[in-house]
Structure formats: structure tokens, C-alpha cells
Q: 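Input: one structure, supplied below.
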Amino acid sequence: MKLRVRFAPSPTGSLHLGNARTAIFNWLFARHHKGQFILRIEDTDRERSKPEYEIQLIESLKWLGLDWDEGPDKGGAFKPYRQSERLEIYQEYVQRLLKDGKAYYCYCTPDELEAERRQCLAKGIPPRYSGKCRELTERQRQQYEKEGRKPAIRFKVADKVVEFEDLIKGKIRFYAGDIGDFIIVRSNGLPAYNFAVVIDDALMQITHVIRGEDHLANTACQLLLYEALDLTPPQFAHHPLLLAPDRTKLSKRHGAVSVEEYKKQGFLPQALFFYLTTLGSGAQKEIWDKNTLIERFDLKMTGKGNVIFDRNQLLWINRQFLRLLPIETIANYAKDFFPEKTDYKTMSDFLSLIRENIATFSEIPNFWPIFNQPDISLSKEVISTLKKETTREVIKLFYEALDSGRDYETIFKDIQQKTGLKGRKLMFPLRLALTGQKSGPQLHQILEYLPKEWIKQRLKKVVFD
Ligand code: GLU
């Protein structure tokens, strides 16, 4: 049987880095094993799901470089791929469970359930449903119906041990009795996550479920359902979660947490992809391209124990990708950081100039005016440095030689002989006069990039002002 995995986001917000990591693992696993990667939208939470979030999720996944073999926007043999369009399918399975006495209607109100929960907590036991509606008589049911109560449907959990072999965590055991009868259909008639996910994974012939370890308890519920419905469960792999430096779940209070935000901050998708993939496998010194990642991917790479998100590490990786990728690739992602209507050639020339000097595209606006406007503004500190005698001398000699028709190298040699200055001492004054900055692109690149007129104008100002 062909290996099939899925990413199943709920469209209730933008794509969180943690979920993006899960999506990447599934994608790499599928591509490594030449299997299939399916996108399924889990949108049965009517209040929180929004079509615009689905659009955004898909955009973020595509930006990261993921593609899928089947999905809501693509179709496929197991369509539909949106849970809200599969409600009839779930019905059939609910009916089966009800008929077999494996599920039952529960008329408890939210207030009653809350009171039960509090009682459990007061007794110091973990809250779980008491099973109060398990054995309702027909008369009791009718009475509740008459009162206008809308029932949920609960699954009858047996007192037994659930055991499975997790591909990352090894043997996992749960005592099902601790779970309590859980809801499979809510009182609004919509299926609960744990139920819909089982039907979908089974019908879509998913062979491996790779997801965060926060789903471990759900897996226990899901395995009980597979058994009750006589469906074959997939293999499970629960990877460690992405944590913030304070070792709590990475959330908004730690700063940017969505793929979209990182895009807006000027990161390259290749860098984010690489970082999220390799973060769990220890310090990453070597940059691999996507094909190498596909080739070498192993579930062990998802990490053991805590996986801590480190923005500085991501910045370092982004710098490496800015240096390594072909300029055309980089330019394709940088558009939003340039003034409107900047043409492609200007963008790529400019990026070639500054790519070694930036950590993210968000620094483009700092460099842009220096290299793309005739004048620059100099800080007081720079002006006073430029007034120093040796500095001014170098600039003057260079300025005077500009129209001599000699190449820059010959001019530098000449100035070196005249002043006795070389290396940085010789270059620094010119860099400062031409850019107003102490560091930046190499001087020969700057001289090549700036129009000669601007070079003259900037130097002249220093010499004669
Ligand atoms: N919709 C679920 C979520 O976003 C899917 C979890 C799963 O992979 O089963 O958490």
C-alpha cells in the first residue's frame, strides 16, 4: 500500500510555526518515501473557522514551498477534503455506533457538566464525565426532548488499557477508564474532532499520522473509535512541541508566531523551512537544500525532549540562505520590501550588492536611499571623522583621479604610494564619504554600483564643504 500522510489544520487563525513544523514533517516524510501528502481542512468548529483563514493557511503553506497531492483546492480520489462538506459521511458512522450500543445520546446541559466537573475537582480526582446518560430509559429521553434539550452523542469508553507503538516515542499505554465517555457529535449536530478525524483518516487511507505530542491523549480516544468501528488505525508519530525560550508553549506573548509574520519580517521561506526542520536535531552548522532534506529526512530529526525556538539561530540561518541562494530566487521573495514599481533588474542588482550585509529583507529600506538616491545625509559623527586630515587627503586624491581614465585599482596604488596608507585605512574614508556608514558592501562593489556622477558629487562635498 502506498504511504499516505496528511496535514489537517483547522482554519481558525494564521499558520502557527508549530503547525507549520508538523506540516513540513509530514511533507518531508511523504516525499522521502515517495508517498502522498494530503491537505485536509478541519472546519467543523463553526464559530471559529473562517474561509479567509483557509485561504491564508494555503498561502502560507505554498510560500513555505509545500505542495500537496490532494486537497480542497486540488481535488482527489477521496474528496471532499473539507470536513464541513463531509457531514453526511460522518452520519453513517454515528448511526452505526448508536445501533451497536457503542454510543448514546447525552442530554446534560453545560451547567450540569460544569457542576460535575467541579465535584470531581473538589474530590481531587481528574474531571471526567460520569456516564449519567448512559442508561437513560426511553421515558427519560422523551422528557428531556420535551424540555427542548438538544442532545450530544457520546462514545461509551470501556474500562481497558489502550496500547500502541509510537514511531517517535515508542510504546505508549493509556488506561481508557481515565478518559470518560467523550463526545463524538456535539449538541449542534456537528462531529467532534476526535470522531471526524478517525473517519477521515480511515476513509482517506492515511497510513501515518505525524503530529504534535499535545495530541497523545486524543490518539487514545481515536484508537478506541477505530476499534469500535472495525477500522484499521494508521501508525502514529508524535513529535515534541516547539517551545519558547521560557519553555512554555510558543505563543503570541513571545512575539511573532505565525508563518505570515515571518514572511512580513523579511525572512526567506527556505530559511524558515530549514530551521523548522532541523531545529530538533541539535546545532545545525551545515545548510542543506530541500532535496538533501528530503533525502536525509528521518522522524528522529523531530527531536527528543524540548525543542526551543531561538530567533537568533533563525536569523543566522536566514543570513546563510541570503548568501547561498541564486540571486533570482532571492529577488522573487523580496518584492514587498522595495519601493513600489521597482523593476526586477534593479531589485536583483541591489540585492547582489547588499545580500551579505543584511539578516532579513526588512533591512532593505535602510540601505535603499544610500545607493539609489543622489544625495545621502551624514551624521554629525561621520562629518567630524571626514574632516580629519588624512581622511580628507585620501578622498581628495581619489576625487581628483576620477577623471583620469585610470581604473580604480591603479588609482588606489597611486594613493597608497602618496600617503603610505593601505588596506582598511585607505578604504574606510571612501566608504564613509560614499555611504555615510562604517560598514556595508565591499568598496569595489559600491564603486561599481553607484553612478559616477553621484560618486563625484558625494566626494566633492567632503573635499570642498
Ligand atoms: N485539526 C487538528 C489540529 O489542527 C488536527 C490534528 C491532527 O493532526 O489530527 O490540531
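Both ligands and their constituent atoms are indexed starting at 1 by order of listing. Hydrogens, waters and symmetry mates play no part in the numbers below; they use all other heavy atoms, side chains included.
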Q: Salt bridge between D246 and R253, side-chain N to carboxylate O under 4.0 Å?
A: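 Yes, charged N to carboxylate O under 4.0 Å.
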
Q: Of N318, N332, T360, T329, which meets side-chain contact (heavy atoms from CB on, under 4.5 Å) against L268?
A: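 Exactly one pass, corresponding to N318.
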
Q: Checking a contact table here: which protein heavy atom is nearest atom 8 (O) of ligand 1, and how many Å away?
A: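 Protein heavy atom with the smallest distance to atom 8 (O) of ligand 1: R6 NH1, 2.6 Å.
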
Q: So if I count the atoms of ligand 1 from 1 in the order they appear, which ones are less than 4.0 Å from some heavy atom of E42?
A: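 Atoms satisfying the 4.0 Å criterion: 1 (N), 2 (C), 5 (C).
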
Q: Check ligand 1 against R211 and write out every atom of the ligand that is under 4.0 Å from a heavy-atom position of the residue.
A: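 The list of qualifying atoms is 7 (C), 8 (O), 9 (O).
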
Q: Within the distance-only criterion (no hydrogens, no angle test), does the side chain of N19 pair as donor or acceptor with the backbone N or O of L15 below 3.5 angstrom?
A: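 Here the side-chain-to-backbone pair does not exist.
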
Q: Counting from 1, what ligand 1 atoms have a heavy atom of V197 closer than 4.0 Å?
A: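 Within the 4.0 Å cut-off of V197, ligand 1 contributes 9 (O).
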
Q: Would you call E114 and R117 a salt bridge, taking side-chain N to carboxylate O under 4.0 Å as the test?
A: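 A salt bridge links E114 with R117.
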
Q: Heavy-atom contacts with H215 under 4.0 Å: which atoms of ligand 1 show up? List them by number with element.
A: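 Checking each atom against H215, I get 6 (C), 10 (O).
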
Q: With a 4.5 Å heavy-atom cut-off, do L203 and Y93 have their side chains touching?
A: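 Yes - at least one pair of side-chain heavy atoms lies under 4.5 Å apart.
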
Q: Answer yes or no: is there a donor N or O on one side and an acceptor on the other, between the side chain of Y262 and the main chain of A256, under 3.5 Å?
A: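 It does hold such a pair.
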
Q: How far is atom 3 (C) of ligand 1 from its nearest protein heavy atom, and which residue and atom is that?
A: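 Sorting protein heavy atoms by distance from atom 3 (C) of ligand 1 puts A8 O, 3.9 Å first.
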
Q: Give the atom numbers and elements of ligand 1 that come within less than 4.0 Å of a heavy atom of Y193.
A: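 Answer, ordered by atom number: 2 (C), 5 (C), 6 (C), 7 (C), 9 (O).
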
